[in-house]
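The structure appears right after this line, and notes come after that.
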Amino acid sequence: MRNRLVLAALAASLSTPALATQGLLCQAADGDAEISLSLGTAGGLGFAGASMAADGRSWVTDPAYGEGEIFTFGQGMSDPAGIRIDFFDDIVNDRVAELRLSRAEEGDDIILAGTLRIVGVGAWALSCQEQ
């Protein structure tokens, strides 16, 4: 019985949520800003984590994503037209950033592009690619 519990625990640890995620990296053409998202693949907008950098500053939703000020997913939506996410401070009191992405698809070509606004820092046009 003990071996079964150990094997079950091992199997559970191997099937982490990270295995069911995809990455999306959005960058300004001049390299002055970027945001990297880990999104679930189960449908809808399954948010797993993010890191963001601009103007010599950085933000992360969890220290596992690197160093930076903590920010958190506040609200968001995804539909065939694009993705919209608002990020807030760690106590979900003040808005930190707004990500607005539009999606265009023609045949095998899929494009995601839009804007990132970081409150009190600036706004940038972004293009995105899967990681």
Side-chain angles (χ1 to χ4, degrees):
M1 180 68 167
R2 181 165 160 55
N3 287 341
R4 286 186 194 159
L5 290 175
V6 170
L7 288 175
L10 178 60
S13 71
L14 293 175
S15 58
T16 63
L19 295 176
T21 61
Q22 68 181 29
L24 185 66
L25 175 63
C26 302
Q27 297 175 305
D30 58 11
D32 285 349
E34 73 175 41
I35 186 164
S36 178
L37 305 172
S38 294
L39 302 170
T41 58
L45 181 61
F47 181 79
S51 63
M52 178 173 70
D55 199 32
R57 295 174 60 188
S58 61
W59 295 261
V60 294
T61 55
D62 187 280
Y65 293 100
E67 293 185 21
E69 300 173 51
I70 297 294
F71 75 140
T72 190
F73 175 83
Q75 60 187 0
M77 66 171 288
S78 175
D79 61 22
I83 298 172
R84 288 159 294 288
I85 302 175
D86 291 334
F87 294 95
F88 289 80
D89 62 5
D90 60 339
I91 59 171
V92 195
N93 194 35
D94 295 319
R95 187 181 314 248
V96 173
E98 300 168 347
L99 180 65
R100 304 292 184 260
L101 302 175
S102 294
R103 176 187 167 98
E105 184 173 345
E106 183 62 38
D108 291 337
D109 297 326
I110 300 172
I111 304 295
L112 268 173
T115 60
L116 172 65
R117 174 182 169 251
I118 303 174
V119 176
V121 179
W124 297 267
L126 305 174
S127 61
C128 306
Q129 61 191 23
E130 287 188 19
Q131 291 180 306

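Taken from CG in Leu24 to CG in Leu99, the straight-line distance is 8.0 Å, to the nearest 0.5 Å. Note that CG of Leu112 and CZ of Arg103 are 6.5 Å apart. Values are rounded to the nearest 0.5 Å. Here the straight-line distance linking atom OG of Ser51 with atom CG of Leu25 works out to 8.0 Å at 0.5 Å rounding. Considering CD of Glu106 and CD1 of Ile111, their distance stands at 11.0 Å, rounded to 0.5 Å. Between atom CH2 of residue Trp124 and atom CG of residue Asp55 there is a gap of 6.0 Å, rounded to the nearest 0.5 Å. We find the CD-CE distance between Glu69 and Met52 to be 8.5 Å, quoted to the nearest 0.5 Å.
Between Asp89 and Phe71, the closest side-chain pair of non-hydrogen atoms is not below 4.5 Å. With contacts defined as side-chain heavy-atom distances shorter than 4.5 Å, the pair Trp59/Val121 qualifies. Between Val119 and Asp94 there is no side-chain heavy-atom pair separated by less than 4.5 Å. Between Pro63 and Ile70 the shortest side-chain heavy-atom distance falls below 4.5 Å. Counting heavy atoms from C-beta outward, Leu101 and Cys128 have side chains that approach closer than 4.5 Å. The closest side-chain heavy-atom distance from Arg57 to Ile118 is not below 4.5 Å.
With Ser58 contributing its side chain and Glu67 its backbone, the two residues share a donor-acceptor pair below 3.5 Å. With Thr61 contributing its side chain and Ala50 its backbone, the two residues share a donor-acceptor pair below 3.5 Å. With hydrogens and angles ignored, the 3.5 Å screen pairs a side-chain donor or acceptor of Arg100 with a backbone N or O of Ile85.
Residues Leu126 and Cys26 come closest through the heavy atom pair CD1-CB, 3.8 Å. Minimum heavy-atom separation, Leu116 to Ala33: CD2-CB, 4.5 Å.
With salt bridges taken as basic N to acidic carboxylate O contacts below 4.0 Å, none links Arg117 and Asp86. Comment: Arg84 engages Asp79 in a salt bridge, judged by a side-chain N to carboxylate O separation of less than 4.0 angstrom.
Hydrophobic clustering, with ILVMFWY side chains joined whenever heavy atoms are under 4.5 angstrom apart, keeps Leu37 apart from Tyr65.
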